[in-house]
Number of protein chains: 4
Amino acid sequence: MSENNEIQTGYFPTIPKQARALEKRQALLKSGNILFAEKGYENTTAKEIASHAGVATGTFYRYFSDKRQLLLSLLKDKLESMMPPEPNWLNVDPESSLAILLKAHFERLDKLGLYRVLPELLHRDEELAEVLFEAKRKIYMQILKGLEQVKENGFAWEDLSLETLSWSIIALVEKIPEIQNESGSNPDYDQIAKIICRLVFPPEKMIQLKNLKREE
Amino acid sequence: MSENNEIQTGYFPTIPKQARALEKRQALLKSGNILFAEKGYENTTAKEIASHAGVATGTFYRYFSDKRQLLLSLLKDKLESMMPPEPNWLNVDPESSLAILLKAHFERLDKLGLYRVLPELLHRDEELAEVLFEAKRKIYMQILKGLEQVKENGFAWEDLSLETLSWSIIALVEKIPEIQNESGSNPDYDQIAKIICRLVFPPEKMIQLKNLKREE
Amino acid sequence: MSENNEIQTGYFPTIPKQARALEKRQALLKSGNILFAEKGYENTTAKEIASHAGVATGTFYRYFSDKRQLLLSLLKDKLESMMPPEPNWLNVDPESSLAILLKAHFERLDKLGLYRVLPELLHRDEELAEVLFEAKRKIYMQILKGLEQVKENGFAWEDLSLETLSWSIIALVEKIPEIQNESGSNPDYDQIAKIICRLVFPPEKMIQLKNLKREE
Amino acid sequence: MSENNEIQTGYFPTIPKQARALEKRQALLKSGNILFAEKGYENTTAKEIASHAGVATGTFYRYFSDKRQLLLSLLKDKLESMMPPEPNWLNVDPESSLAILLKAHFERLDKLGLYRVLPELLHRDEELAEVLFEAKRKIYMQILKGLEQVKENGFAWEDLSLETLSWSIIALVEKIPEIQNESGSNPDYDQIAKIICRLVFPPEKMIQLKNLKREE
DNA sequence: AATGAATGAGAGTTCATTCAT
DNA sequence: CATGAATGAACTCTCATTCAT
C-alpha cells in the first residue's frame with residue numbers, strides 16, 4: 001500500500017519534490033528581493049511577495065518562518081555579491097584597475113537593489129545588524145590587510161592611520177550608490193578610484209610603483 | 001488701580017497659554033526625536049510618542065496632523081543643526097581647524113540623533129526626500145565653492161575633479177556617525193581631518209600654505 | 001482710568017448677564033439647527049456648533065448637558081411650528097382653505113429644516129422618539145376629532161374608518177417635504193388638498209357643504 | 001480508479017469553498033441587516049457586525065470594503081423585495097385585491113427591516129440616494145401607467161392629477177410600516193386599500209366596474 | 001504540501017466631554 | 001462664567017500569521 005502511494009505521488013523518483021520546493025523558495029526570495037527594493041521592507045506584505053512569486057500566502061510560511069527571515073535569507077544568499085572585491089593595490093596601474101573593480105561591483109549591486117532596505121532595518125533588528133556588521137568587519141579587515149602590505153612595501157603615506165584609511169575607503173565605496181539616487185547621473189568611477197588611490201599612495205610612490213611593476 | 005489690573009491679568013510673568021502649548025509641542029517633538037532615533041520611524045506609534053511626552057493620544061493630533069508631519073517639523077527645526085559647518089580651507093593649519101570643526105559638528109549631531117531615521121524614509125516619502133536633497137545640495141555647493149577658491153589660489157591637486165572631491169568629502173563626513181554605531185569607539189577626528197586635507201591639498205602645498213599664512 | 005474700565009465693562013446693571021446667556025443659548029440652538037439640517041446629527045460635532053455660534057467648545061456644555069440635549073431643546077422649542085395646523089373642515093371651500101393652510105405650514109417648516117435629522121435618530125433615542133410620538137399623537141387626535149365632527153354632521157363617507165383616515169391624512173402631509181427632495185419641484189398644494197378632501201367628503205357632500213355655508 | 005477519485009476529491013457533495021465563502025457573505029449581510037435595523041447605521045460598528053455573524057473583524061473586510069458597501073450590497077440584493085407589487089386596478093374587486101397585495105408586500109418587507117435605516121442615510125450618501133431614487137422613480141412610473149389605463153377606460157376621477165395621485169398612493173404605502181412602530185397594532189390593510197381605491201375611483205365607477213367585470 | 005480564508009492584535013485617527021486657567 | 005487645550009474611549013481598517021480543507 002505504501003508502495004502504491006509512493007508510486008502515485010512520487011512518480012518522478014526523488015529530486016523533483018526537492019527541486020520543486022527549491023524553485024518555490026527561490027521564487028519567493030526573488031520576489032521578496034524585487035518588492036523590498038521597490039517599496040521598502042515595511043511596505044511590502046507577505047501576501048504580495050507570495051502572490052508575486054505565484055504561490056499562496058500560506059506557502060510563504062512553509063519556506064520562511066516569517067517575513068524577516070526571508071530578508072535574512074536573502075542577505076545571507078547575497079551577502080557575497082554585496083562584498084566589494086579585494087583590490088590588488090600593488091599593481092602597474094592601481095587607479096584604473098580599481099576603477100574597473102568598482103564599476104563591476106556596483107553594476108552587480110545595482111541589479112541586486114537590496115541595499116536600499118538595509119538602512120530601514122538596521123536600527124530595529126539586532127540580528128540583522130549583527131550579520132551586516134560581521135560582513136562589514138570582514139571587508140574592513142580585508143582592506144586593512146591590503147593596506148598593511150602596501151605600507152610594508154613602503155608605498156603608503158607615512159602619517160595616515162591605516163585604520164582610519166580603511167574606514168574611509170569603505171565609507172566612500174558605500175556611498176557610491178547614493179550618487180545615482182541623488183544626482184541621477186552615473187558615478188565617475190575613474191575619479192573615485194583616483195581619489196581612493198590618492199589616500200593610499202603619495203604621488204611619488206605611484207610613479208615608483210608603475211616603474212617597478214613594469215620592470216617585473 | 002492700574003496695579004490691580006496688572007495683578008489680575010499679568011500675575012504670571014510669562015505668557016501662560018502660548019507657552020504651555022509651545023512646551024507641549026516641544027515635548028512631542030523631543031519625544032518623537034528620541035523614539036524615532038531609538039526604534040525607527042515605522043516602529044514608533046503616535047500613541048507612544050504622546051505617552052512618552054506625557055500627554056494623551058488626542059493631544060498629539062492637536063499639534064501635528066500625523067506622525068509624518070511631526071517628523072517633517074522635526075527636520076525643518078533641526079536641519080540647520082545638521083548642516084556641517086563651512087570649513088575655512090586657506091588657513092595656517094587646515095587639518096586641525098577642520099578636526100575641531102568636525103568634532104563640534106558631530107557632537108551636536110549626536111545629541112540630535114535624528115539622522116538615524118532618515119535612510120528609512122528616503123525611499124518612501126518624496127517630500128521628505130526633496131527637503132533633504134535640497135539641504136544636501138546646499139552643502140555640496142558650499143563645499144564646491146570652497147574648493148574652487150582653493151584651486152584658484154593654486155593650492156589644490158591639479159588632476160582631481162572638484163565635483164567628485166566635494167562629493168567624497170560629504171560622503172566621508174556623512175559616514176562619521178556610523179563609526180560610533182559600528183565600532184563603539186569615538187571617531188578619530190584628527191585622522192579624518194588629515195585624510196580630507198590630503199584629498200584637497202598636495203603635501204607640498206600644505207607646507208606652502210602654512211608658511212604663507214604665518215607670514216601674513 | 002479705572003472708572004473708565006468699570007464703566008466699560010459693567011455698564012448695564014443686571015439684566016445683561018442673563019440676556020447675554022440667553023443670546024448664547026439661542027445662538028447655539030440656531031447653529032445646531034443649521035448644521036444638523038445641513039450635515040445630519042452624527043456628522044455635526046459639538047465643536048463645530050460652538051464655533052459656528054461664535055463661542056468656545058466648553059461654553060456649549062454650560063448651556064446644554066450634551067449634544068443630544070441641544071437637539072431635544074431644539075425640538076421642544078420648535079415642535080409647535082412643526083405641528084400642522086388644525087384644518088377647519090366645515091367650510092365654504094375646504095379644498096382651497098386646506099391648500100392655503102398646507103402651503104403656509106410647509107413654508108415655515110422648510111425654513112426650519114429640522115425634520116431632516118429626525119429619521120436618523122428615531123431608532124436610537126427612545127426619549128426623542130417618545131417626544132415626537134406624543135406630538136404626533138396629538139396631531140392624530142386633533143384630526144380625528146375634526147373628522148368626527150364632519151361625520152356627525154353627516155358630511156363624511158359612511159364606509160371609511162375615521163382612524164385610518166386620520167392616519168392617511170397625516171401620512172400624506174408628512175410626505176410632502178419629500179417631494180422637494182426627490183423631484184426638485186414644489187409640491188402642488190391645490191392638488192394635495194383636493195386629494196385629502198376627496199378622502200374626507202363624498203363629492204355630493206362637498207356641493208351640499210358649499211351651498212349650506214353660502215346660505216349661512 | 002474513478003471511485004478513488006470520487007472518494008478523494010468529491011467527498012463533499014456541495015462545492016465546499018465557494019459555498020463557505022458565500023455563506024459567510026450572507027451571514028455578514030444578514031447580521032448587518034439585523035443590526036442596522038435594530039440600532040441604526042451609524043450606531044452599528046463593523047466589529048459588531050462581524051462578531052454578530054460569528055467571524056473576526058478582518059473577515060468583514062474580506063467581503064466588504066467597508067460598512068457602507070455592505071449596506072449598498074444589502075440594498076441591491078433586497079431592492080426587488082422592497083418594490084411594491086403592481087396592482088391590477090381594473091378588476092372585479094380592486095379593493096380586496098389591493099388589500100391582499102399590500103398585506104403580502106408588507107409582511108415580506110417587515111422581515112427585511114431594512115427600510116428603517118434608509119432615512120438616516122439619504123441626506124448623507126449621494127450614491128445611496130441615487131439608487132433609492134431610481135427605484136422609487138420606477139415604482140412611480142409603474143403606478144402612473146396603471147392609473148393612466150384606468151383613466152383611459154373612463155373609470156378615474158376627472159379632476160385629479162394622476163401625478164399627484166400616484167405620489168399620494170406611494171406616500172400612503174410607504175408610511176404603512178410606521179403604523180406598527182407607532183401604534184404597535186397591525187395596519188388595517190382593508191381600510192387602507194379602500195382609501196386608496198377611493199382616490200382612484202369615484203364610487204359610481206366602482207359599481208360599474210364590478211358589474212362590467214362580472215359579466216365578462 | 002499547498003491553499004487562501006480567517007484571525008485578531010494593533011495602528012492611526014476622531015470627537016464628546018472635562019477641567020485648569 | 002468663558003475658554004479651548006487635554007483627555008481617552010472607541011472606531012475603522014491593515015496585515016503578519018495560523019489553520020481547516
Side-chain angles (χ1 to χ4, degrees), chain A residues 9-10 17-18 20-21 24 42-51 54-70, chain B residues 9 11-12 16-18 20-21 23-25 42-51 53-68, chain C residues 17-18 20-21 24 42-51 54-70, chain D residues 9 11-12 16-18 20-21 23-25 42-51 53-68:
Chain A
T9 58
K17 232 188 260 178
Q18 291 210 2
R20 281 273 173 96
K24 288 207 173 144
E42 291 282 355
N43 277 2
T44 304
T45 70
K47 203 175 184 176
E48 280 173 317
I49 297 172
S51 135
V55 301
T57 321
T59 307
F60 181 101
Y61 288 89
R62 180 159 298 281
Y63 292 100
F64 303 96
S65 67
D66 57 38
K67 205 170 74 163
R68 185 178 157 278
Q69 215 236 4
L70 183 141
Chain B
T9 58
Y11 192 67
F12 293 104
K17 224 180 271 179
Q18 289 214 4
R20 275 279 174 103
E23 259 172 47
K24 289 239 157 100
R25 209 191 118 92
E42 291 282 356
N43 270 11
T44 303
T45 70
K47 232 168 188 158
E48 280 174 316
I49 296 172
S51 132
V55 300
T57 322
T59 306
F60 182 98
Y61 290 93
R62 169 169 296 281
Y63 292 101
F64 303 98
S65 65
D66 55 28
K67 208 172 62 165
R68 186 177 161 279
Chain C
K17 232 187 255 176
Q18 290 211 3
R20 280 274 173 96
K24 285 203 176 148
E42 291 283 353
N43 276 3
T44 303
T45 69
K47 205 177 183 174
E48 280 174 316
I49 297 171
S51 134
V55 301
T57 321
T59 307
F60 181 102
Y61 288 89
R62 179 158 299 280
Y63 293 99
F64 302 97
S65 67
D66 55 40
K67 204 171 74 164
R68 184 179 157 278
Q69 215 238 3
L70 183 141
Chain D
T9 60
Y11 192 67
F12 293 104
K17 223 181 272 178
Q18 289 214 4
R20 275 279 173 103
E23 261 172 46
K24 289 240 157 103
R25 209 191 117 92
E42 292 281 357
N43 268 11
T44 305
T45 71
K47 223 172 191 158
E48 281 173 316
I49 297 173
S51 133
V55 302
T57 321
T59 307
F60 181 99
Y61 290 92
R62 168 169 296 282
Y63 292 101
F64 303 98
S65 65
D66 54 26
K67 207 171 64 165
R68 185 177 161 280

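Computed from a predicted structure; not experimentally measured. Below, chain A is the first sequence line, B the second, and so on; all start at residue 1.
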Legend entry - Between C1' of F:dT17 and CG of A:Leu70, the distance in whole Å: 15 Å
Legend entry - Minimal non-hydrogen separation, A:Ala50 against A:Ala56, with atom names: CB-O, 3.6 Å
Inset, instruction - Round to a whole Å and report the spacing from CD of B:Glu23 to P of E:dT21. - result: 12 Å
Legend entry - B:Arg25 CZ to F:dA5 C1', straight-line distance once rounded to whole Å: 15 Å
Legend entry - Minimum heavy-atom distance C:Ala46-C:Tyr61, with the two atoms named: CB-OH, 3.6 Å
Inset, instruction - Please state whether the phosphate of E:dA5, meaning OP1 or OP2, lies under 4.0 angstrom from any side-chain nitrogen or oxygen of D:Arg62. - result: yes
Legend entry - Closest-nucleotide ordering on DNA chain F, the 5'-leading residue of B:Ala56 and C:Gly54: C:Gly54
Inset, instruction - Output yes when at least one side-chain N/O atom of B:Lys24 is less than 4.0 Å from OP1 or OP2 of F:dA6, else no. - result: yes
Legend entry - Distance in Å, A:Gln69 CD paired with A:Phe60 CZ, rounded so as to fall on 0.5 Å steps: 8.5 Å
Inset, instruction - Kindly say if A:Tyr63 contacts the phosphate of E:dA2, meaning a side-chain N or O under 4.0 Å from OP1 or OP2. - result: yes
Inset, instruction - Take atom CG of A:Asn43 and atom C1' of F:dT14, then tell me their distance rounded to the nearest Å. - result: 12 Å
Inset, instruction - Starting from C1' on E:dG12, measure out to CG on B:Asp66 and report it in whole angstrom. - result: 9 Å
Inset, instruction - Let me know, please, whether A:Phe60 or B:Ala46 comes out on the 5' side of the other along DNA chain E by nearest nucleotide. - result: A:Phe60
Inset, instruction - Quick one: pull up CZ in B:Arg68 and OG in B:Ser65 and give me the separation to the nearest 0.5 Å. - result: 8.0 Å
Inset, instruction - Look at all strands and tell whether C:Thr57 reaches a base, only sugar-phosphate, or nothing, counting heavy atoms closer than 4.0 Å. - result: base
Legend entry - Side-chain N,O (A:Lys47) to OP1/OP2 (F:dA16) below 4.0 Å: no
Inset, instruction - Grab the CD-P distance between C:Glu48 and F:dG4 for me, whole Å please. - result: 16 Å
Inset, instruction - Mind listing the closest non-hydrogen atom pair of D:Lys67 and D:Thr44 along with its distance? - result: NZ-O, 2.9 Å
Inset, instruction - Ignoring backbone atoms, test whether C:Thr59 places a side-chain nitrogen or oxygen under 4.0 Å from the OP1 or OP2 oxygen of F:dT3. - result: yes
Legend entry - Nearest-Å distance for atom pair CD/P, residues C:Glu42 and F:dC11: 11 Å
Legend entry - Residue B:Tyr61, side-chain heavy atoms: nucleotide from E:dG8, F:dT7, E:dT14 that is nearest: E:dT14
Inset, instruction - Would you give the length of the straight line joining atom CD1 of B:Ile49 to atom OH of B:Tyr63, rounded to the nearest 0.5 angstrom? - result: 15.5 Å
Legend entry - Strand DNA chain F in bracket notation, Watson-Crick/G-U under 3.5 Å with | for pairs to another chain: .||||||||||||||||||||
Inset, instruction - Check the distance between F:dT17's C1' and A:Ile49's CD1 and give it to me in whole angstrom. - result: 13 Å
Inset, instruction - To the nearest 0.5 angstrom, please state how far the CD atom of B:Glu48 sits from the OG1 atom of B:Thr57. - result: 11.0 Å
